[in-house]
Amino acid sequence: MALAIDGGKCLKVAMNDEGVEQMQNEIEVLEAGSEYACFPKLYAYDQQKMFSLVTECCCEAKPADFRNTYGLPCNLAVGTIAQLVEDFLDYDKTEQYFKTCIDNPAAGMNDDFDNFEVRLKFLQDLRSKKDDDYAYTVMADLAKFCVDDSRLGLEDLESEVNWGMAPRDGKLVPIVIDAGLDC
């Protein structure tokens, strides 16, 4: 359960044993990811029982938010990040893979996603905008975190339900709000 509280913060409370385990995982990820733009700020948590935490408050991310921000749906944005992570943040290698799949669709038959043209554009935008556009910084940081720390499963982030919209540099951008994923 999540409740908005004063000061732009959100209180999350686990309601059962599964929720407590999820909360413990989320606390670990948020602590490890405190320097990454892809996560909300973690303000406090119950250090003894780990059944509650206080984070930065975010509004719900909707499918249109990803299309408006990145020009593609959440699953394709995250699928592109997953490929970049698989290639150890090698933009050239990932770009070449997408180009190969565009020219020869059979080369991408083991890929969970197609739409290689829009994924290539997103990758190129990510590469060029990541330093001056906070929305792209979020995705670049997500990729970097997943390479640096393997406990966050990207396959669980392919749905908007694990994303929120947070104010960054004067506009709302997608950030991971359900980070308690244990791979």
Checklist entry - Between Asp149 and Phe145, is there a donor-acceptor pair closer than 3.5 Å when you use the side chain of the first and the backbone of the second? => result no
Checklist entry - Hey, what do you get for CD (Glu117) to CD1 (Ile102), rounding to the nearest 0.5 Å? => result 4.5 Å
Item to check | Met1 reachable from Phe51 in the ILVMFWY side-chain graph, under 4.5 Å edges | outcome: yes
Item to check | Verdict with reasoning, Asp125 to Lys121, per salt bridge (charged side-chain N to carboxylate O under 4.0 Å, His left out) | outcome: CA-CA 6 Å; Asp125 288 346; Lys121 181 185 180 322; 2.7 Å; yes
Checklist outcome for this item: Value for OH (Tyr45) from CD (Glu28), rounded to nearest 0.5 Å, stands at 9.0 Å
Next on the checklist: Apply side-chain contact (heavy atoms from CB on, under 4.5 Å) to residues Leu76 and Phe122 and explain how you reach the verdict.
Outcome noted: CA-CA 9 Å; Leu76 294 182; Phe122 172 71; over 6 Å; no
Next on the checklist: If I compare all heavy atoms of Ala61 with all of Glu160, which pair ends up nearest, and what's the gap?
Outcome noted: O-CB, 3.6 Å
Item to check | Tyr136 to Thr69 - nearest heavy-atom pair and separation | outcome: OH-O, 3.8 Å
Checklist entry - Could you give the distance from CG (Leu123) to OG1 (Thr80), rounded to the nearest 0.5 Å? => result 7.0 Å
Checklist outcome for this item: In this structure, CG of Leu152 is separated from CG of Leu157 (nearest 0.5 Å) by 5.0 Å
Checklist entry - What heavy-atom pair brings Ala107 and Thr100 nearest, and what distance separates the two atoms? => result CB-CG2, 3.9 Å
Checklist entry - Looking at side-chain heavy atoms only, is the closest gap between Leu3 and Val13 below 4.5 Å? => result no
Checklist entry - Less than 4.5 Å apart, any side-chain heavy atom of Val173 and any of Asp133? => result no
Checklist entry - Would you call Asp46 and Leu53 a side-chain contact if the rule is heavy atoms closer than 4.5 Å? => result no
Checklist entry - Under a 4.5 Å side-chain heavy-atom rule over Ile, Leu, Val, Met, Phe, Trp and Tyr, are Ile175 and Leu11 clustered together? => result no
Next on the checklist: Quick one: does any side-chain atom of Tyr70 pair with a main-chain N or O of Ala135 as donor and acceptor, under 3.5 Å?
Outcome noted: yes
Next on the checklist: With clusters defined by side-chain heavy atoms of hydrophobic residues (ILVMFWY) lying less than 4.5 Å apart, directly or transitively, does Val147 cluster with Tyr36?
Outcome noted: yes
Item to check | salt bridge (charged side-chain N to carboxylate O under 4.0 Å, His left out) assessment of Arg168 paired with Glu56 | outcome: CA-CA 12 Å; Arg168 300 286 192 269; Glu56 169 184 19; 2.6 Å; yes
Next on the checklist: For Ala82 versus Leu154, what's the shortest heavy-atom pair and its separation?
Outcome noted: CA-CD1, 3.5 Å
Checklist entry - Below 4.5 Å, heavy atoms only, C-beta onward: do Trp163 and Asp65 meet side chain to side chain? => result no
Next on the checklist: Using a 3.5 Å distance criterion without hydrogens, assess whether the side chain of Asp141 forms a donor-acceptor pair with backbone atoms of Cys38.
Outcome noted: no
Next on the checklist: Do Glu26 and Leu42 make a side-chain contact, defined as non-hydrogen atoms from C-beta onward lying under 4.5 Å apart?
Outcome noted: no
Next on the checklist: Would you say CG of Asn104 has more than 12 non-hydrogen atoms from neighbouring residues, nucleotides or ligands within 6.0 angstrom?
Outcome noted: yes
Checklist entry - Donor-acceptor pair, Asn162 side chain versus Ser159 backbone, under 3.5 Å? => result no
Next on the checklist: Contact between Cys74 and Glu158 at the side-chain level, heavy atoms closer than 4.5 Å - yes or no?
Outcome noted: no
Checklist outcome for this item: What one should report as the nearest heavy-atom pair of Met23 and Ser52 is CG-N, 4.1 Å
Next on the checklist: Between Tyr91 and Leu126, is there a side-chain heavy-atom distance shorter than 4.5 Å?
Outcome noted: yes
Next on the checklist: Working to the nearest 0.5 angstrom, can you tell me the gap between Phe88 CZ and Thr94 OG1?
Outcome noted: 11.0 Å
Next on the checklist: What's the separation between atom SG in Cys57 and atom CD1 in Ile177, rounded to the nearest 0.5 Å?
Outcome noted: 9.5 Å
Checklist entry - Looking at Gln124, Glu95, Gln83, which hits side chain to side chain contact (heavy atoms under 4.5 Å, CB included) with Arg119? => result Gln83
Next on the checklist: According to a hydrophobic-cluster definition based on side-chain heavy atoms being under 4.5 Å apart (Ile, Leu, Val, Met, Phe, Trp, Tyr only), do Ile27 and Val54 belong together?
Outcome noted: no
Item to check | Heavy-atom donor-acceptor pair, Asp111 side chain to Asp114 backbone, under 3.5 Å | outcome: no
Checklist entry - For Lys130, does its backbone N or O pair with a side-chain atom of Thr137 as donor and acceptor, under 3.5 Å? => result yes
Checklist entry - So do Phe66 and Leu72 actually touch side chain to side chain, heavy atoms under 4.5 Å? => result no
Next on the checklist: Between Met165 and Leu142, is there shared hydrophobic-cluster membership here, with clusters defined by ILVMFWY side-chain heavy atoms closer than 4.5 Å?
Outcome noted: no
Checklist entry - At their closest point, which heavy atom of Phe39 faces which heavy atom of Leu30, and how far apart are they? => result CB-CD2, 3.7 Å
